[in-house]
Each structure stands twice: as structure tokens, then as C-alpha cells.
Number of protein chains: 2
Amino acid sequence: MTVSNVVRGAPNVSDATRQRVLETIERIGYVPNSSARNLRAGRSGAVSFAIPTIDNSYFAELARLLLDEAAALGWTVLIEQTKGDGELERRALAGYGPTPTDGLVFFPQALVADEVAAQAAGRPLVLLGEQGDRGPGDVVIVDNEGAAREAVAHLLALGRRRVAAVGESPAAGTENSHRRIAGYRAALEEAGVPFEPALAPRVDHYTRAEGAEAVGALLDGPAPPDAVFAFNDMLAVGAVHAARERGLRVPEDLAVVGFDGTDEARYCNPPLTTVAPDKRGIAREAMRLLNERITRGDDLPYRTVRMGHELLVRGSSLAAAGS
Amino acid sequence: MTVSNVVRGAPNVSDATRQRVLETIERIGYVPNSSARNLRAGRSGAVSFAIPTIDNSYFAELARLLLDEAAALGWTVLIEQTKGDGELERRALAGYGPTPTDGLVFFPQALVADEVAAQAAGRPLVLLGEQGDRGPGDVVIVDNEGAAREAVAHLLALGRRRVAAVGESPAAGTENSHRRIAGYRAALEEAGVPFEPALAPRVDHYTRAEGAEAVGALLDGPAPPDAVFAFNDMLAVGAVHAARERGLRVPEDLAVVGFDGTDEARYCNPPLTTVAPDKRGIAREAMRLLNERITRGDDLPYRTVRMGHELLVRGSSLAAAGS
DNA sequence: CAAGCCAGGTTTAACGTTACACACTCGGGC
DNA sequence: GCCCGAGTGTGTAACGTTAAACCTGGCTTG
């Protein structure tokens with residue numbers, strides 16, 4: 001018990017005793033047993049970060065920041081890959097698996113808000129991305145609709161009139177993509193450009209390969225686009241790749257704008273214009289909200305935090321010399 | 001106890017009882033408490049994956065595969081970012097932190113083999129990358145020297161004579177980079193090209209920014225290179241960026257070869273030639289070795305597994321039309 | 001028909017920690 | 001001289017799980 005008091009820095013331990021204990025700890029190499037602590041405390045000290053996959057530039061960068069924020073608050077983060085699969089998402093929410101966590105930061109893809117609410121069942125939860133009217137937990141978002149509108153307006157301002165939007169997804173929980181489509185349509189309308197469903201192909205996964213495939217199909221089609229607004233940077237990189245493969249120039253023949261503000265976009269060739277959400281802010285707020293919800297309990301009302309974004313204009317969408 | 005038997009599928013439970021227990025579990029929503037299990041078992045069911053940072057394409061892709069392999073074997077993976085910092089590496093090895101793990105897969109950077117051995121102190125350990133003569137644990141490697149030699153020989157075969165090597169690092173534990181430098185020098189020697197220290201600049205971190213900086217400095221120097229062998233794909237992407245910034249063409253003016261075989265390299269512009277280690281194999285073997293060492297104890301001798309690699313030749317190092 | 005065995009189920013104890021109650025000592029204060 | 005309280009330190013019990021020992025009837029076996 002005295003050892004416990006010393007280790008935890010509890011009062012009522014004399015300096016002499018404290019010293020003696022610390023020396024002994026050092027000598028015999030005592031390390032507190034976390035399982036016992038967790039059992040006793042009813043906590044695990046770990047939280048989950050449930051995302052589709054970690055080898056997505058955006059989630060990798062976000063994970064880096066989130067791990068740092070978590071460490072600062074004394075939490076360990078456990079990354080769970082849901083692959084956008086409903087069953088895996090359900091499992092992550094319910095907290096199955098050999099390692100228990102006290103809550104999670106979740107980026108839903110397959111599940112809609114109601115299902116998320118049902119599965120989480122009172123577990124402390126912070127959602128990333130838009131969630132319909134009210135989320136089943138705290139929510140951290142960016143203004144997807146506004147950001148998309150800006151991005152597309154930027155392309156239209158360059159004189160482009162056949163702007164494709166790549167990233168609408170058949171997955172149910174991708175409210176983010178619906179908002180971005182809405183922003184896209186709003187920008188088109190504002191410029192008096194009719195919406196053409198064929199220019200908004202669906203993709204299953206936000207990968208470079210699917211970006212290249214989707215944009216390649218558009219470029220090979222009867223009425224190719226002259227610009228692409230991709231819903232993430234990996235899709236955008238795929239779009240650039242598809243254009244190059246066909247001997248088209250970026251941005252002259254095809255202007256491209258991405259989303260996520262990843263480092264990869266910055267070092268692309270040409271450097272990629274992209275909507276950069278405040279990733280550090282998102283990571284910080286997500287951990288802050290989760291920490292509060294876990295420690296302060298569930299009398300807190302659900303909160304929504306909106307983080308800023310910025311359109312980083314780069315070479316992939318500069319006005320072409322001749323146009 | 002009977003519940004425990006049912007949950008674990010132990011024998012000596014009648015079908016009737018089993019049924020009754022399962023129904024009750026369902027009804028009251030019983031979930032086994034992992035902390036108690038871990039306390040009882042003396043295990044945590046989790047392993048660490050200690051790497052510099054997760055927002056490095058290679059580690060992100062490797063993490064994805066490792067998480068999958070681990071899940072298949074019933075392990076949870078905890079990613080720890082060491083930032084290449086000695087103190088953080090020591091902590092990861094010793095298993096500090098609020099969440100205990102039963103072992104780890106470790107990519108050392110700051111620490112040398114002896115320090116690793118001292119810190120790990122008997123914890124089940126699998127090392128990624130070369131470790132001098134004998135590792136302080138199981139080791140999974142690729143033939144760094146051979147791979148580097150192939151890559152550089154490929155550049156020399158294109159007629160390049162001023163091949164830079166970017167990636168030698170001042171960090172102590174980067175045995176990988178020493179081997180790659182060795183392969184680089186071997187290839188030069190074989191082709192009768194003298195080694196020029198100025199063409200092998202040091203970098204602190206394997207990031208796109210440092211790749212661009214290092215190669216930019218070389219290109220701005222008195223005797224610029226006509227080819228670059230970068231020690232990872234991010235450095236290579238930075239190299240391409242630096243060349244483009246200066247109006248140079250890749251591969252005509254500067255051929256570039258990377259290392260890691262990341263998806264990013266494939267979709268680069270131009271697509272990046274890269275040495276692709278068998279990442280899936282590395283992930284699989286690493287988890288297999290770690291699993292065996294944890295479950296079978298330490299009477300096992302240290303093992304070294306060498307995985308294959310492949311030089312993927314792409315646009316960034318094709319023979320220039322005119323050369 | 002007693003002994004033995006077996007399937008099915010229960011009790012005990014222990015894993016390491018810590019909240020809480022309890023015990024002891026030593027200076028004052030009345 | 002007695003009590004009080006502050007400052008220290010110790011004992012107890014409980015967190016949820018499970019290996020191992022232990023019951024308990026019914027059934028086989030010699």
C-alpha cells in the first residue's frame with residue numbers, strides 16, 4: 001500500500017519512506033501492473049481510433065497528430081482499421097477485440113448515424129465528419145459544403161466549364177461526400193453551369209487506383225472534363241496520373257483540385273491544389289472532447305466543433321498560359 | 001465459473017446449460033472484462049509496433065499489413081511513434097506507458113543493437129532492418145546492400161555517371177542506411193566510377209521536404225548529379241520535386257530511383273522507379289516470429305528472416321530518348 | 001452390490017492494485 | 001494527566017477472471 005502511495009504520489013508518506021521505496025523499486029525493477037490497475041480502476045487508459053485504413057495519407061497524417069495529442073493527455077491510442085466494412089465498424093464501436101478501450105474517435109463510412117448510436121451504446125464517442133442532423137456523440141467537422149464550393153468556384157473562375165466531381169460513394173455513412181457534392185452543385189449553379197450526373201462518378205474507395213480509374217473513364221468518354229475536383233488527395237493524384245497516361249497536360253488540359261492538404265499533394269508534380277482542413281486542430285479537439293467525455297461522464301450534452309480549412313492553390317490548377 | 005467455461009468453449013458443459021448461459025449473456029449484455037483476463041493470464045494480448053512516425057508512406061503501408069496479420073493471430077497492435085528519438089525508443093522498448101504490451105516489432109533509428117538489447121531486457125522483440133552482426137532479438141530484413149547495388153547499377157547502365165545517394169543519416173541505429181551506402185559504393189566500383197562523398201549528403205529525416213532540400217542543394221552546387229538513388233520513396237519524391245522546381249526534366253536531366261515500393265511512387269509523375277521489399281512478407285514474418293517468441297518462450301534461438309525485394313523500373317529512370 | 005469412473009457443475013484461491021478503514025506515535029492544549 | 005488531532009503507516013476487501021481442486025449423482029464394471 002505504501003508503495004502504491006509512493007508511486008501515485010499520494011500524500012502521507014514521509015520523505016524517508018518515500019526514498020526507501022524508490023530505491024527498492026529501482027533495485028528490484030518493479031513496474032506497476034497495468035492490467036491490475038485497469039481492473040481496479042475500471043478503465044483501460046486506451047482509446048480507439050477507428051478509420052478505414054491507415055495507409056491513406058490523410059488518416060496517416062491525422063493519426064500522427066492524434067497519437068501526439070493523446071500522449072499529452074496520458075492516453076494510449078489503438079488504431080483499428082474498419083476497411084469501410086459495416087461489420088468491422090460495428091465491432092470497433094462496441095469495443096470488441098482483445099484490448100478494451102475507454103472510448104473512441106471514429107470516422108464512419110458504412111454505418112449511418114442511427115446505427116452508430118445503436119452500436120456505441122453509451123461508449124464515449126467522438127465522430128469525425130458530418131453526421132446528418134445530430135450525431136450520436138461529439139462531432140468534429142469541417143465545412144465540407146463550403147469548402148467544396150470554394151474549390152469548385154476556383155476551378156470555374158479559371159474558365160473551366162466541365163468540372164468533374166470524383167468521390168461520391170455508395171457507402172451509406174459517407175455524409176461528408178454528400179456535403180461535398182452539395183457544395184459542388186451550389187458552385188455550379190452559382191456560375192450558371194448545369195449539373196451533369198455523368199461528371200460525378202462514384203468510387204468505392206478513396207485510393208489512387210480508383211481515382212485514376214474513374215477519371216480515366218471520364219477522359220476516355222465522349223465528353224471529357226476539363227477539370228476535376230477530387231474528394232481526397234489520393235483520388236486527385238490518381239486523376240493526375242490518368243491524365244498523364246493519356247498524354248494530357250495538367251493543368252492546361254485538366255485542372256485538378258484535391259482535398260485533405262496532405263504532404264503528398266504538396267510534393268506532387270505538378271503540386272496539387274487542395275483543400276486543407278486544420279488537421280492539427282481536428283486531432284486536438286477530437287482528443288479534448290473524448291477526454292472530457294470519458295472523465296466527466298455522460299451528463300455532458302453532445303457538442304459539435306467546426307474546424308477551419310484553407311484552399312491551397314498550387315500548380316495543378318493555375319490558369320493555363322494560353323487559356 | 002460455468003459462464004467462463006461456456007465463453008471459452010471449455011468442455012464439461014451440457015448443451016442445456018450452455019444454451020441457458022448464452023441466452024442470459026445475450027439478455028444482460030455481458031462482456032468479458034479484458035483487464036481481469038489479462039491480470040489473471042499475465043498477458044495483455046497486445047503488441048507494440050514502434051516506428052519513427054506513422055505518416056511515412058512506408059510505415060503506413062507496413063502498419064496496415066501488420067495490423068491485419070496481427071488480427072489474424074488474435075493480437076491487437078499499438079502503434080508507438082518514436083520520432084527517431086533515443087529516449088522515446090528506450091521507452092517503447094522497455095514497455096512503459098499506460099498500456100502494457102507483451103512484445104514489440106521495432107524499427108530502430110537512434111539506438112544501436114547493444115542499447116536495444118539492454119533496454120528490451122528479455123521482452124519478446126522482433127527487429128526490422130539490419131542490426132550489425134547479431135540482433136538482440138529476431139530480425140526481419142531485406143538484402144539492403146544487394147538491393148542498393150541493383151538500383152545503382154540500373155542507373156549506371158543508363159549511362160549516368162554522377163549518381164547521388166540520398167539517405168545516409170547521422171542517427172546511430174540506421175544500419176540499413178550504412179548497408180545501402182555500401183551497395184551504392186559497390187555498384188560504383190564495379191562500374192569504375194569513383195566515389196564522391198559530396199554526392200552522398202546526409203539527411204536527418206526521411207521526409208519529402210528533406211529529400212527536396214538535400215537534392216536541391218546538390219543541383220545548385222558546382223557539380224550536380226545526373227541521377228539520384230534515394231533511400232526511401234519520400235526522399236525520392238522530394239528529389240523529383242527539387243528537380244522540377246529548377247526546370248530540370250525527370251528522367252532526362254535527373255534520373256531518380258526510390259526505395260520502399262510504396263503506392264505513392266507508382267502514381268507519381270513520372271512514376272517512380274523503386275526498390276520494393278516484400279512488405280506483406282515482412283509483416284507476416286514479423287508477426288509470426290513475435291507470436292512464436294511470446295507463446296513459446298525464450299528458449300528459442302534468435303532467428304533472422306530475409307525477405308525478397310524487386311526493382312520496379314518506371315518512368316523516373318527510363319533511358320532518355322536523346323541520351 | 002460395492003468400487004470405480006465419468007460427465008457436469010461448484011468452490012477456492014490467486015493475479016496486482018488501491019479506496020477505505022483502522023492503528024500507532026508524537027506534540028501540543030486544556 | 002488526559003484528550004485531540006495531525007502525520008504516518010498498515011490491514012482489509014474488492015475489482016473479474018480462471019486453473020485446479022473439489023463435490024455429486026448416475027452408470028458401468030468386476
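Just so it is clear, the model here is predicted, and its values are computed rather than measured.
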Q: With the side chain counted from C-beta on, respond yes when B:Asn5 and B:Thr17 share a heavy-atom pair under 4.5 Å apart, and no when they do not.
A: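 Heavy-atom side-chain distance check fails, nothing below 4.5 Å.
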Q: Less than 4.0 Å between a side-chain N and a carboxylate O, is that true for B:Lys83 and A:Asp68?
A: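 Result for this pair is yes, salt bridge flagged.
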Q: Considering every strand and a 4.0 Å limit on heavy-atom distances, what is the contact class for B:Ser14: base, sugar-phosphate, or nothing?
A: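 Sugar-phosphate contact only - B:Ser14 comes under 4.0 Å of backbone atoms but never of a base.
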Q: Looking at B:Thr2, I'd like to know whether one of its side-chain N or O atoms comes within less than 4.0 Å of OP1 or OP2 on C:dT10.
A: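 So the side chain of B:Thr2 is within the cut-off, an N or O lying under 4.0 Å from OP1 or OP2 of C:dT10.
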Q: Just by distance, no angles: are the side chains of A:Ser44 and A:Asn38 close enough, under 3.5 Å, to form a donor-acceptor pair?
A: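 There is no such pair (donor and acceptor under 3.5 Å, judged by atom type) between the side chains of A:Ser44 and A:Asn38.
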Q: Distance check needed: C:dT18 C1' versus A:Asn12 CG, whole Å only.
A: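 Between C1' of C:dT18 and CG of A:Asn12: 15 Å.
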Q: Hey, is the main chain of A:Val112 close enough, under 3.5 Å, to the side chain of A:Glu115 for a donor-acceptor pair?
A: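 Flag set: sc A:Glu115 to bb A:Val112 pair under 3.5 Å.
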Q: Rounding to 10 degrees, work out the angle separating the end axes of the helix from C:dC1-D:dG30 to C:dC30-D:dG1 (five pairs an end).
A: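 Its terminal axes enclose an angle near 60°.
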Q: Please state how far atom CD in B:Gln19 lies from atom P in C:dG9, giving the value in whole angstrom units.
A: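 Roughly 13 Å, once rounded to whole Å.
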Q: Give the B/S/- string for nucleotides 14-21 of chain D, one per nucleotide from 5' to 3', where a protein heavy atom under 4.0 Å of the base yields B, of only the sugar-phosphate yields S, and otherwise -.
A: BBBBBBB-
Q: What contact category does B:Ser35 fall into here, base, sugar-phosphate, or nothing, at under 4.0 angstrom with non-hydrogen atoms?
A: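 Touches nothing.
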Q: When the distance from CZ of B:Arg18 to P of C:dG8 is rounded to whole Å, what number comes out?
A: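 Whole-Å distance recorded here is 9 Å.
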Q: Suppose we screen for side chain to side chain donor-acceptor pair (under 3.5 Å). Which residues come up paired with B:Ser177, at least two apart in sequence or across chains?
A: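 B:Ser177 satisfies side chain to side chain donor-acceptor pair (under 3.5 Å) with B:Glu168, B:Thr174 only.
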Q: Distance only, no hydrogens: is a donor on one side chain within 3.5 Å (strictly under) of an acceptor on the other, for B:Thr262 and B:Asp260?
A: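 Side-chain D/A pair, B:Thr262 to B:Asp260: absent.
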Q: Taking B:Arg123 for its side chain and B:Thr101 for its backbone only, find out whether a donor-acceptor pair lies under 3.5 Å.
A: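 Present.
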Q: Are any non-hydrogen side-chain atoms of B:Val77 and A:Ile79 less than 4.5 angstrom apart?
A: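 No. Closest side-chain heavy atoms not under 4.5 Å.
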